[in-house]
Structure formats: structure tokens, C-alpha cells
Number of protein chains: 2
Amino acid sequence: MTMKKMSQNYRITKQRQKILELLTNTREHPTADQIYKKFKGKFPRLSLGTVYRNLRILKEQGQIWELDFGTGLSHFDAVVHSHYHFICKNCRKIYDIRIPSIKELDDRVRTLTGFRIYSHRLEFFGLCDACNARQIVR
Amino acid sequence: MTMKKMSQNYRITKQRQKILELLTNTREHPTADQIYKKFKGKFPRLSLGTVYRNLRILKEQGQIWELDFGTGLSHFDAVVHSHYHFICKNCRKIYDIRIPSIKELDDRVRTLTGFRIYSHRLEFFGLCDACNARQIVR
DNA sequence: GTAGCTGCAAACCGTTTGCACGTGA
DNA sequence: TCACGTGCAAACGGTTTGCAGCTAC
């Protein structure tokens with residue numbers, strides 16, 4: 001039997017604050033390393049390990065999401081509202097798709113499988129305007 | 001300017017055949033290591049590197065898909081027909097959801113963004129019957 | 001005071017790669 | 001024949017972790 005720690009008393013540190021702030025104020029979906037590099041100039045003592053640890057904690061708290069778009073890296077996103085993503089097959093840029101979560105999808109799968117559905121993830125792949133204009137074929 | 005090899009002359013080797021066969025005949029979504037372990041008994045000289053190389057080639061040929069379910073590992077799937085997946089948050093088991101691809105989703109995003117949409121990926125998260133019955137809470 | 005956090009560096013582990021030998025067409 | 005594939009082992013790179021000192025509370 002594994003026991004969960006009774007209660008984690010999270011603290012508010014400058015590092016954690018700054019990381020959450022960054023994720024809240026950007027529409028990009030940065031990786032741990034991108035976050036690290038962004039702060040390295042102002043806080044030269046910051047370590048990549050700290051970034052990873054804080055990302056894990058913020059995720060545990062439900063303040064951010066960890067997303068995988070098949071790029072081999074984890075991308076992070078402040079949880080503002082549920083939304084979908086578009087990934088350009090050429091430039092790998094990730095865009096938010098601003099349509100609300102389609103709850104009927106969950107209902108449909110619940111009916112079909114009988115499973116308890118918590119959420120779903122929907123991602124679109126294709127070419128963004130810029131890459132499409134350049135006639136890139138993949 | 002990067003040049004792509006003019007034409008790759010793929011060969012049919014026993015290893016490649018066996019891997020594709022395995023993926024075609026299973027409804028699981030094995031990782032590279034699981035495939036490797038499955039064959040290691042019969043073919044003790046098989047190397048994990050070969051499994052990875054063949055998976056890459058089969059993927060290039062469009063015969064299999066590489067899927068990421070946020071487990072930190074790549075899962076592989078023979079391409080029989082397009083379908084969705086359900087991942088149990090507790091036991092991490094992956095199930096096929098047997099509803100056909102909803103093309104209207106692509107149309108909707110195309111209209112909204114103007115991007116060229118090739119495909120989408122849809123995954124559901126929740127608890128499977130077995131885990132739900134055990135009253136597991138996450 | 002002390003549990004939680006940090007920087008640092010090493011470890012971890014899934015995946016890729018260089019190399020010499022093997023093999024399918 | 002010879003380009004492609006294999007086994008083997010080392011390298012790679014994103015992420016995690018052990019540790020000693022630091023800090024929020």
C-alpha cells in the first residue's frame with residue numbers, strides 16, 4: 001500500500017512565481033528549456049532542475065498543463081480555459097484553437113464504452129498560413 | 001538546402017516482417033521495448049537498436065503510427081483505420097475507440113483558422129471499467 | 001526552527017548513432 | 001555485387017535526483 005504525503009505545504013518562491021507568470025502571460029507553449037533560457041539573463045543562478053521541479057509542482061496544483069505534441073519535448077501551458085491546438089507540420093509552431101471544448105464527444109464515448117470520461121485532448125495537424133503560402137509539401 | 005535521398009530501396013528482412021506482423025495482430029499499443037522483449041526469447045541476437053530503426057522505417061512507409069499518450073514513451077500501432085484512443089488515468093492501459101474519424105472537426109477548424117488541415121488526433125482520458133469498479137480516485 | 005526549495009552536478013533512461021559485419025535483391 | 005540492414009556498444013539529450021546550503025513561513 002502506497003501512502004500519499006498527508007499534505008504538501010507548497011511555498012511561494014520567486015522562481016515559482018516567475019514561471020507561472022510567464023506561462024500566464026504568453027500564448028506560446030514553451031518547453032522547460034525555453035523557460036529556463038528566458039530567465040537565465042535576469043537570474044543567472046537559476047538552474048534547469050529548479051525549472052523542472054516547479055513545472056511539476058505547478059502541474060500537481062492544476063495551475064498548468066503539460067502537453068505533448070509529438071515533438072519529443074514537453075510543452076507547458078497555463079490553464080486558463082480548455083482549448084484545442086493546431087500544430088504546423090512544417091514549422092512545428094503551436095497555435096491555440098479558440099473553440100470551446102465539445103462535451104458531446106465525451107458523452108459519445110461514455111455511451112459507447114461505459115468508461116468514466118474525465119476529459120479529452122484534441123489536436124489538429126496541417127500547414128499554417130505562412131508555410132502553406134511557401135508551398136511546402138510534406 | 002537539404003536534399004532528400006532520391007529513393008530509398010527498402011528491403012524485407014525477417015526482423016521488419018516480424019515487427020509489422022506483431023503490430024498488425026495486436027490491439028495493444030506496444031512500446032519499442034515491449035516489442036523487443038516479445039521477440040527476445042525467440043531471437044536472442046535481436047537488438048533494441050534494430051527495433052527502433054525498423055519502427056522508424058515502417059513509420060516512414062506509412063505502415064505504422066507512432067503515438068504519444070503522455071506516458072513518456074512512444075507507442076506503436078499498425079495503421080488499419082483511423083481511430084481514437086482512450087487512456088485510463090489509473091492503469092495507463094490504452095483502448096481503441098471505435099468511432100470513425102469526425103471530418104467535421106477538420107472543416108470547423110479550417111473555417112476558423114484558414115489553415116490547411118491534414119488530420120487530427122483525439123484522445124479521451126478517464127477510468128476504465130476495472131479501475132472505476134475499484135473506486136480509484138485520481 | 002524546520003519543511004520545503006534552490007543550485008549544482010551526476011544519474012537516469014528512452015532513443016539514436018557509428019562501426020564492422022551480414023544479407024536481400 | 002553492394003546498398004541496405006543488423007548487432008553491439010557508446011553517445012545523446014531531455015528529465016530526474018542526491019546533496020548541502022538557503023529561505024519562506
Side-chain angles (χ1 to χ4, degrees), chain A residues 3-22 29-61 63-77 92 94, chain B residues 3-22 29-61 63-77 92 94:
Chain A
M3 295 292 284
K4 183 148 191 178
K5 222 180 295 185
M6 281 307 281
S7 91
Q8 178 97 20
N9 291 310
Y10 295 117
R11 288 182 185 169
I12 300 168
T13 63
K14 284 187 198 73
Q15 292 90 333
R16 190 164 307 159
Q17 248 172 345
K18 285 290 174 190
I19 290 170
L20 182 56
E21 206 175 286
L22 176 85
H29 306 76
T31 62
D33 195 59
Q34 288 170 337
I35 294 168
Y36 171 67
K37 288 208 171 72
K38 214 152 233 167
F39 286 126
K40 197 61 184 171
K42 278 186 210 160
F43 312 102
R45 310 273 320 260
L46 179 66
S47 87
L48 189 53
T50 296
V51 173
Y52 275 106
R53 269 184 294 229
N54 277 306
L55 289 171
R56 185 172 42 69
I57 287 168
L58 288 168
K59 188 179 148 193
E60 275 171 24
Q61 297 176 330
Q63 305 212 60
I64 63 171
W65 282 336
E66 181 175 5
L67 302 166
D68 193 301
F69 301 113
T71 59
L73 298 167
S74 282
H75 295 256
F76 296 88
D77 203 354
R92 311 302 300 177
I94 297 154
Chain B
M3 295 292 284
K4 183 149 190 176
K5 223 181 293 184
M6 281 307 281
S7 91
Q8 179 96 20
N9 291 310
Y10 295 117
R11 289 181 186 168
I12 300 169
T13 64
K14 284 186 197 74
Q15 292 90 334
R16 191 163 306 160
Q17 247 172 344
K18 285 290 175 190
I19 291 170
L20 182 56
E21 206 175 286
L22 176 85
H29 305 76
T31 63
D33 195 59
Q34 288 170 338
I35 294 169
Y36 172 68
K37 287 208 170 73
K38 215 151 232 167
F39 285 126
K40 197 61 182 170
K42 279 185 208 160
F43 312 103
R45 308 273 321 258
L46 179 67
S47 87
L48 189 53
T50 296
V51 173
Y52 274 107
R53 269 184 294 230
N54 277 306
L55 288 171
R56 185 173 41 71
I57 287 168
L58 288 168
K59 188 180 149 193
E60 274 171 24
Q61 296 176 331
Q63 305 212 61
I64 64 170
W65 282 337
E66 181 175 4
L67 302 166
D68 193 301
F69 301 114
T71 59
L73 298 167
S74 281
H75 295 256
F76 296 88
D77 202 355
R92 312 302 298 176
I94 297 153

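Throughout, a chain's letter reflects where its sequence line sits, starting with A, and its residues are numbered from 1.
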DNA chain C contacts made by residues 46-56 of chain A, counting heavy atoms under 4.0 Å: A/Leu46, A/Ser47, A/Thr50, A/Arg53, A/Asn54
Strictly below 4.0 Å, heavy-atom distances to any atom of DNA chain C: list the hits from residues 34-45 of chain B, or just say none.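 Of all residues in residues 34-45 of chain B, none places a heavy atom under 4.0 Å from DNA chain C.
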When all nucleic acid strands are considered with a 4.0 Å heavy-atom cut-off, which category describes A/Thr31: base, sugar-phosphate, or nothing?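 Result for A/Thr31 = nothing.
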Quick one: which protein N/O atoms are closer than 3.5 Å to N/O atoms of nucleotides 20-25 of chain D? Pair and distance per line, please.
{"residue": "D/dT23", "atom": "O2", "partner": "A/Arg11", "partner atom": "NH1", "Å": "3.3"}
{"residue": "D/dA24", "atom": "N3", "partner": "A/Arg11", "partner atom": "NH1", "Å": "3.0"}
{"residue": "D/dC25", "atom": "OP1", "partner": "A/Ile12", "partner atom": "N", "Å": "3.3"}

If only side-chain N and O atoms of B/Gln15 are considered, is one of them under 4.0 Å from the OP1 or OP2 phosphate oxygen of D/dG7? yes
Below 4.5 Å, heavy atoms only, C-beta onward: do B/Tyr10 and B/Glu60 meet side chain to side chain?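 SC-SC contact between B/Tyr10 and B/Glu60 confirmed.
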In whole Å, what is the span from the NZ atom of A/Lys18 to the C1' atom of C/dC5? 18 Å
From A/Gln61 atom CD to A/Arg16 atom CZ, the distance as rounded to the nearest 0.5 Å: 6.5 Å
Kindly say whether B/His29 contributes a backbone atom to a donor-acceptor pair with the side chain of B/His75 at under 3.5 angstrom? yes
Does B/Lys38 have any side-chain hydrogen bond (donor to acceptor under 3.5 Å, both in side chains) partners at least two apart in sequence or in another chain, and if so, which? none
Those residues that, when tested against A/Tyr36, pass side-chain hydrogen bond (donor to acceptor under 3.5 Å, both in side chains) (two or more places apart): A/Lys40
Have a look at the helix from C/dG1-D/dC25 to C/dA25-D/dT1 and give the angle its two end axes make, five pairs each, rounded to 10 degrees. 40°
